[in-house]
Amino acid sequence: MTTLLQSAIELCNRTFRVDIDRLPPDGIDGLPRKLWPFVWFFVRQVKGLVLTIAIMEGVFAALISVMFWYVGALVEQGEYGQAMLWLGGALLLIRFVTGTLAEIFYHLVYIPYVGNVVRHQLYWYTARQPLSFFQDDFAGRIANKLSQTGPSLRDAVKSMIGAVWFAAIFNLSNLYFLFTVNFWLALPLVVWLLGYIVVLWHFTPKVQARSKETSEKFSTFMGQLVDVFTNALQIKYFARTQQEDERVLGLLDRHSESLRHATGTIWLMSVVIDVLNTALLLTTAFIGFWLIQTQGQLGIAAMAMALPMVLQATFQSGWIMYEVSGIFENLGNVQEGIDLLTKPHRVVNQKGATDLDIGGKPAAIAYRSVCFNYGRDESAQGKPVLEDFNLAIPAGQKVGLVGRSGAGKSTITNLIVRAHDLDSGAILIDGRNIAEVTQQSLRRSITVVTQESYLFHRSIFDNIQYGKTDASLEEVVEAAKRASAHEFILGLEDSKGRKGYAAHVGERGVKLSGGQKQRIGIARAILKDAPILILDEATSALDSESEHAIQTALEGIMDNKTVIAIAHRLSTLRQMDRIIVMEAGRIVEDGTHAELIEKADGLYAKLWRMQSGGFLGEGG
């Protein structure tokens, strides 16, 4: 028996499995920002499955009413002929088949896959948001909303079919049979249904609003919780465990209070429905006894049909109430996910964008009349960070960017990888406007080494191989050697006994020192070997000995590349072909180190004299 059922499960999986790895035929340029269009966006992708389940649920619900009618018919005839018995058996068989098939589709097809279809497509869309999207919110909150929205949408649709649609068909079937027997016998159910709908209409919006508030407070709690664990080191070093305890307790207290309001509303709704149920049973029983007194056997038959019907309706009323409350709670979660996750992409590929193909050779870079502001409301006096900015970098030239904090150096490098779009002007690579090429091809052509090297909680091998996903172990080791990382990697071992390149680094690389993380990041950049190289304080986290080794490695990988390097340690820029000195978003000096140092009243010379050991403040 078990083997037979397992075979049936496997057959169902092969035949009806929903493919998670799919996108709509026209892609996802944007997601609907209103609730019902958003729900339909995903339901339409599995509409055949949803329609099949709805048909089965409708047939199953109608058959329950038919079974009650059948009992009444048996009582009315007073005898149990072979035809009636065969009819009863057929009804039972059809009811079993439709109910079983509905459960099979629910548990083997709909529930395992549909929620993850939504999750996958939401992830696909969210992952293509610009950098600012992730900088403006908690990573834990974004992840929590993405995780919740799929199952909430799935469960809301399931409840609409399995509860609301089922109850509607069941009660409409009941009314049909009751009206065919006696108008007065159907009247209590009509009044009950109207009252039940009014109660749900009144209470469920309140449940939805309070459930949404509860969900929002829980998401805030989760975001703060992830933030606390991410910054565990700072909490320990500053002895702030007690303060974080109080913060978490406050968030949980607010969540509990909002949850109490939601559950209190549900309880009040259940009390009102219990009153309606009691009234329905009493009035139906009263009319049934009156029919028995006036119609005899026909009255008994009517009572035998009507009483089970209304009893079943009252039994279902509590279940439907909680299902409807669950629908609104789930829809509240979906709406919150919509508010957070469906924001339009601010950086998108233009229609007709083509791939950038530099051919592995150094590329010329040109900024032409570039104007950009991160947000005029946030900027001092609304002045752009860059205004009518022009810069030409010939192919293969190595350029250093120097300036005080806020001068616009990092903005220049952020714009070339399209972390943001320009307000006006253009950036050209080998004569092609970067706004007219695909983002993926643009970023494949550029290697960026940032001030902090961000690592995944994966193996050392995986983190370095990220620069070239088909790289062999030998290539990874060679890149690590060139980044002066090979020796310390061999000595690594994680909590599960994995060693060397197989050792995992912990979330964000917390098990490694700053210098070790930086060297792994540089090894990753060496492996990528893109024709444009951007160094944003690439050696700032290293000690003097490591810095010298890395500088040597960087000099090697800078060969045959166009390089833009930001550094506050000016001594690291002496080998640059050209140094650009910036102030308030403008180029104020341009020349080699030797040329600029000779300008005694120049900004570069002043910064050089201010340094002790070649280091200049902070920022970018």
Side-chain angles (χ1 to χ4, degrees), residues 18 20 22-47 50 114-161 164 204-220 222-223 258 262 324-351 353 374-378 418-421 423 435 439:
V18 176
I20 295 171
R22 62 153 138 190
L23 296 172
D26 51 354
I28 308 179
D29 293 330
L31 287 169
R33 304 219 67 197
K34 294 186 179 297
L35 179 61
W36 293 113
F38 180 86
V39 171
W40 174 243
F41 178 86
F42 293 102
V43 169
R44 71 182 183 183
Q45 299 180 47
V46 290
K47 58 181 179 293
V50 171
V114 172
N116 283 334
V117 168
V118 180
R119 279 173 169 158
H120 170 243
Q121 295 186 17
L122 285 178
Y123 167 79
W124 189 95
Y125 184 82
T126 303
R128 284 153 182 79
Q129 290 284 5
L131 186 61
S132 58
F133 175 85
F134 301 98
Q135 293 171 333
D136 292 341
D137 213 325
F138 288 114
R141 182 171 180 269
I142 295 172
N144 185 55
K145 281 296 135 195
L146 194 152
S147 176
Q148 279 186 345
T149 302
S152 294
L153 188 151
R154 174 200 68 196
D155 293 345
V157 173
K158 178 180 180 296
S159 295
M160 289 177 197
I161 299 171
V164 177
T204 47
K206 296 180 180 180
V207 173
Q208 180 187 20
R210 288 171 179 172
S211 296
K212 183 179 179 182
E213 179 187 357
T214 301
S215 176
E216 174 62 34
K217 284 186 166 48
F218 182 75
S219 291
T220 301
M222 286 298 297
S258 65
V324 171
S325 299
I327 289 172
F328 278 90
E329 182 177 353
N330 284 317
L331 290 179
N333 290 336
V334 172
Q335 182 63 61
E336 195 177 344
I338 292 171
D339 295 341
L340 177 63
L341 301 174
T342 64
K343 295 176 182 178
H345 290 165
R346 292 197 292 270
V347 179
V348 297
N349 291 332
Q350 291 185 5
K351 287 187 177 180
Y374 288 103
R376 293 187 183 278
D377 293 339
E378 301 171 5
R418 286 195 73 191
H420 312 275
D421 271 340
D423 295 335
Q439 296 177 63

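The chain is numbered in sequence order, starting from 1.
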Check whether the ring centres of His345 and Tyr125 lie less than 6.0 Å apart, and answer yes or no. yes
Once rounded to the nearest 0.5 Å, what's the spacing between atom CG of Leu331 and atom CD1 of Ile338? 8.5 Å
From CZ (Phe41) to CD1 (Ile28), nearest 0.5 Å: 4.5 Å
Contact summary for Phe38 and Thr342, nearest pair of heavy atoms: CE1-CG2, 3.7 Å
Out of curiosity, Tyr123 OH to Leu341 CG, how far, rounded to the nearest 0.5 Å? 13.0 Å
Ser258 backbone acceptor or donor facing Thr214 side chain under 3.5 Å: yes
Closest approach of Asn330 and Ser152, non-hydrogen atoms and distance? CB-O, 3.3 Å
Using the side chain to side chain contact (heavy atoms under 4.5 Å, CB included) criterion, which residues pair with Val114? Sequence neighbours excluded. Val46, Leu49, Tyr110, Arg154
Decide side chain to side chain contact (heavy atoms under 4.5 Å, CB included) for Arg33 and Lys343; before the verdict, give the C-alpha distance in whole Å, the side-chain angles of both, and the deciding distance to 0.1 Å. CA-CA 8 Å; Arg33 304 219 67 197; Lys343 295 176 182 178; 3.8 Å; yes
To the nearest 0.5 Å, what is the distance between NZ (Lys158) and CE (Met160)? 13.0 Å
Gap between atom CZ of Phe328 and atom CD of Gln335 - 0.5 Å precision: 12.5 Å
Using atom types as modelled, flag every donor-acceptor pair under 3.5 Å from a side chain in residues 142-151 to any protein atom, sequence neighbours excluded.
residue: Asn144; atom: ND2; partner: Ser219; partner atom: OG; Å: 3.0
residue: Lys145; atom: NZ; partner: Gln148; partner atom: OE1; Å: 2.8
residue: Lys145; atom: NZ; partner: Ser215; partner atom: OG; Å: 2.9
residue: Lys145; atom: NZ; partner: Ser219; partner atom: OG; Å: 3.0
residue: Lys145; atom: NZ; partner: Glu336; partner atom: OE1; Å: 3.0
residue: Lys145; atom: NZ; partner: Glu336; partner atom: OE2; Å: 3.3
residue: Thr149; atom: OG1; partner: Lys145; partner atom: O; Å: 2.6

Rounded distance [0.5 Å steps], CG in Leu153 versus CZ in Arg119: 11.5 Å
Correct closest heavy-atom pair for Val347 and Pro130 would be CG2-CB, 4.0 Å
Checking side chain to side chain contact (heavy atoms under 4.5 Å, CB included) for the pair Gln439/Asn349: CA distance, chi angles, key distance, verdict? CA-CA 7 Å; Gln439 296 177 63; Asn349 291 332; 3.2 Å; yes
Considering only heavy atoms from C-beta outward, does the side chain of Leu31 approach that of Leu122 to under 4.5 Å? yes
Verify, without hydrogens or angle tests, whether Arg418 (side chain) and Val348 (backbone) share a donor-acceptor contact under 3.5 angstrom. yes
Does the side chain of Gln45 reach to within under 4.5 Å of the side chain of Gln121, using non-hydrogen atoms? yes
